[in-house]
Amino acid sequence: MNAKVDEVNGEVLRAVIGAAQSGARLDRALAGLFSGYSRSFLQECIRQGRVLVDGSVPKARDIVSGGEHIVFRPPPAPTDAVAAEPLPLAVIYEDDDLLVIDKPPGQVVHPAAGHRGGTVLNALLHRCPQLAALPRGGIVHRLDKGTSGLMAVAKTHLAHQSLVSQLQARTVKRRYLALVCGRPVAGGEVAAPVGRHPRDRKRMAVRDGGRAAVTRYRIARRFAAHTLLDVELETGRTHQIRVHLAHINYPVFGDPVYGGRFRPVAGAPPQEQDELRAFRRQALHAAELSLLHPATHKTCHWRAEPPDDLRRLLALLERIEEPVESRTEGRIEGRIEGRIETGDG
């Protein structure tokens with residue numbers, strides 16, 4: 001980081017420009033510092049007098065030299081932008097700065113066309129109305145509708161900046177369970193750029209000119225025709241795991257976009273085939289999350305067991321495809337738990 005947020009008082013953010021930003025335009029420096037906000041949004045805030053540099057009202061084109069003290073008063077978000085709804089939330093951990101939830105499969109994270117209500121954000125705003133003042137309601141990373149598991153939500157501007165910075169520095173650890181079609185020989189790494197599909201803008205693809213993306217995986221459990229993988233993200237591109245695993249010809253089971261045609265299990269009775277075919281989402285679960293607490297700087301680690309539908313799917317595969325190897329070491333079994341471990345911070 002070229003600058004550090006060192007204090008938040010109510011709706012006021014205070015920061016110091018780092019020496020590495022010397023020679024940059026103010027708006028560009030602020031975009032690197034307050035990365036939860038777009039550069040154009042920050043330019044408008046400067047024009048509105050919401051930014052002070054060493055106590056004076058600046059211009060967006062001003063050149064910084066490093067060491068300047070910044071005071072930024074973000075404008076309140078429109079209160080009617082997203083409606084608060086009394087929806088259930090599986091809260092794994094909560095304090096004054098941070099919220100960790102276990103998202104169920106089938107729930108959309110942010111409202112969008114066709115999903116104006118019933119989302120994670122609608123539920124969060126009902127539980128914590130103050131999140132309306134934060135970028136994207138404090139949500140710093142998302143899960144696809146069909147993916148279940150752990151998500152971190154910032155409850156303050158300082159926490160938001162900390163989590164965004166950790167994600168940019170790739171120090172947030174996210175581990176997933178992914179049931180894939182086929183049997184990889186061993187674990188490995190996929191390092192391939194991901195961008196919008198050249199013909200279908202709703203899909204992502206491995207393509208030249210895409211953003212750098214790295215996915216690591218290892219074998220968690222082998223079945224006769226499927227494999228449960230333990231997947232770790234180094235980057236967090238849209239649909240990254242699904243795209244990368246399909247790219248190496250091990251698509252996530254049930255993936256309606258990248259999974260391809262249903263593959264019957266040889267020798268399985270028709271009833272079991274129908275049960276497999278009825279699983280209509282990607283078999284992907286965000287099982288573990290580790291990060292530095294934004295206020296205490298202690299290492300926090302949470303784990304969430306797979307939801308019922310994925311557990312039933314794995315049990316079905318155990319019946320019709322006897323596992324030939326298991327290395328789960330209790331990763332599948334066990335209750336949802338959260339813990340905080342002291343780290344050097």
Side-chain angles (χ1 to χ4, degrees), residues 102-103 105 141-144 146-152 167 169-195 203-207 210-260 263 265 276 279 281-291 301-307 309-311 313-314 317-318 321 323-334:
D102 183 12
K103 187 188 87 67
H141 64 107
R142 52 161 287 182
L143 298 176
D144 297 327
T147 301
S148 59
L150 296 172
M151 290 178 52
L167 286 165
R170 302 181 182 180
T171 57
V172 175
K173 302 301 181 184
R174 292 167 288 173
R175 304 186 75 92
Y176 291 72
L177 291 172
L179 180 69
V180 300
C181 302
R183 300 191 61 222
V185 175
E189 177 182 293
V190 185
V194 173
R203 294 164 55 100
M204 307 299 288
V206 170
R207 56 173 300 181
R211 301 180 68 187
V214 179
T215 303
R216 299 185 180 89
Y217 63 93
R218 66 183 184 88
I219 308 299
R221 184 182 296 181
R222 294 185 187 274
F223 299 94
H226 297 85
T227 307
L228 185 66
L229 299 181
D230 183 341
V231 181
E232 182 176 356
L233 285 179
E234 179 176 317
T235 55
R237 311 307 180 202
T238 300
H239 298 179
Q240 177 178 318
I241 292 175
R242 300 161 63 190
V243 169
H244 270 176
L245 293 179
H247 179 66
I248 60 173
N249 297 317
Y250 297 112
V252 177
F253 180 88
D255 192 328
V257 179
Y258 307 102
R263 308 178 189 183
V265 175
L276 289 174
F279 194 91
R281 72 170 181 95
Q282 59 267 19
L284 184 62
H285 174 66
E288 297 187 40
L289 175 67
S290 299
L291 52 81
H301 179 89
W302 298 275
R303 185 176 65 193
E305 67 178 34
D309 67 338
L310 182 52
R311 293 168 68 87
L313 176 62
L314 294 172
L317 289 178
E318 287 181 350
E321 298 184 35
V324 295
E325 182 179 357
S326 176
R327 298 179 183 172
T328 58
E329 300 176 355
R331 191 177 294 276
I332 304 302
E333 300 300 330

**Prompt:** Which of parallel (below 30°), tilted (30 to 60°) and perpendicular (above 60°) describes His226 and Phe253?
**Reply:** perpendicular
**Prompt:** Is the side chain of Gln240 donor-acceptor paired with the backbone N or O of Val214 at a distance under 3.5 Å, no angle test?
**Reply:** yes
**Side-chain heavy-atom pair Arg311, His285 within 4.5 angstrom cut-off** = no
**Prompt:** Of Lys173, His301, Arg174, which meets side chain to side chain donor-acceptor pair (under 3.5 Å) against Glu288?
**Reply:** His301
**Item:** Side chains of Leu317 and Leu179 in contact at under 4.5 Å (non-hydrogen atoms)
**Value:** yes
**Request:** For Arg281 and Gly254, indicate whether the former's side chain and the latter's backbone hold a donor-acceptor pair under 3.5 Å.
**Result:** no
**Item:** Where at least one partner belongs to residues 238-259, residue pairs that pass salt bridge (Lys or Arg N to Asp or Glu O under 4.0 Å), sequence neighbours excluded
**Value:** Asp144-Arg242, Arg242-Asp255
**Straight-line distance of Lys103 NZ to Met151 CE, nearest 0.5 Å** = 8.0 Å
**Message:** What's the separation between atom CG in Leu143 and atom CG in Leu150, rounded to the nearest 0.5 Å?
**Reply:** 8.5 Å
**Step-by-step side-chain contact (heavy atoms from CB on, under 4.5 Å) determination, Phe223 to Glu318** = CA-CA 7 Å; Phe223 299 94; Glu318 287 181 350; 3.8 Å; yes
**Prompt:** Which pair of heavy atoms, one from Pro306 and one from Leu310, lies closest together, and at what distance?
**Reply:** CB-CD2, 3.9 Å
**Request:** Evaluate the side-chain proximity of Ile241 to Tyr217: yes if any heavy-atom separation is below 4.5 Å, no if none is.
**Result:** no
**Complete:** So CG of Leu233 and NE2 of His141: to nearest 0.5 Å the spacing works out to 10.5 Å
**Message:** Please evaluate residues Thr235 and Thr215 with respect to the criterion side-chain contact (heavy atoms from CB on, under 4.5 Å), reporting the C-alpha separation (whole Å), side-chain torsions for both, the decisive distance (0.1 Å), and the verdict.
**Reply:** CA-CA 7 Å; Thr235 55; Thr215 303; 5.7 Å; no
**Asked** Any side-chain heavy atom of Val172 sitting closer than 4.5 Å to one from Leu289?
**Response** yes
**Message:** Can you give me the closest heavy-atom contact between Arg263 and Cys181, atom names plus distance?
**Reply:** NH1-CB, 3.6 Å
**Side chain Thr227, main chain Arg222, donor-acceptor under 3.5 Å** = no
**Request:** Working to the nearest 0.5 Å, report the span between CG of Asp102 and CH2 of Trp302.
**Result:** 13.0 Å
**Asked** Taking all non-hydrogen atoms of both residues, which atom of Leu284 and which atom of Ala178 are closest, and how far apart?
**Response** CD1-CB, 3.7 Å
**Asked** Which atom pair, heavy atoms only, marks the closest approach of Val243 to Val194?
**Response** CG1-CG2, 4.4 Å
**Prompt:** Once you round to the nearest 0.5 Å, how far does OG1 of Thr147 lie from OH of Tyr176?
**Reply:** 7.5 Å
**Minimum side-chain heavy-atom gap Val252-Tyr258 below 4.5 Å** = no
**Fill in**
Output for pair (Gln282 CD, His239 NE2), nearest 0.5 Å, gives 7.5 Å
**Message:** Using a 6.0 Å cut-off, check whether atom CZ of Arg211 has over 12 heavy atoms from anything other than its own residue.
**Reply:** no
**Asked** Given Arg216, which of His244, Glu232, Glu189 fulfils the side chain to side chain donor-acceptor pair (under 3.5 Å) condition?
**Response** Glu189
**Message:** What I'd like to find out is whether the side chain of Leu229 reaches to under 4.5 Å of the side chain of Ile219, using heavy atoms alone.
**Reply:** yes
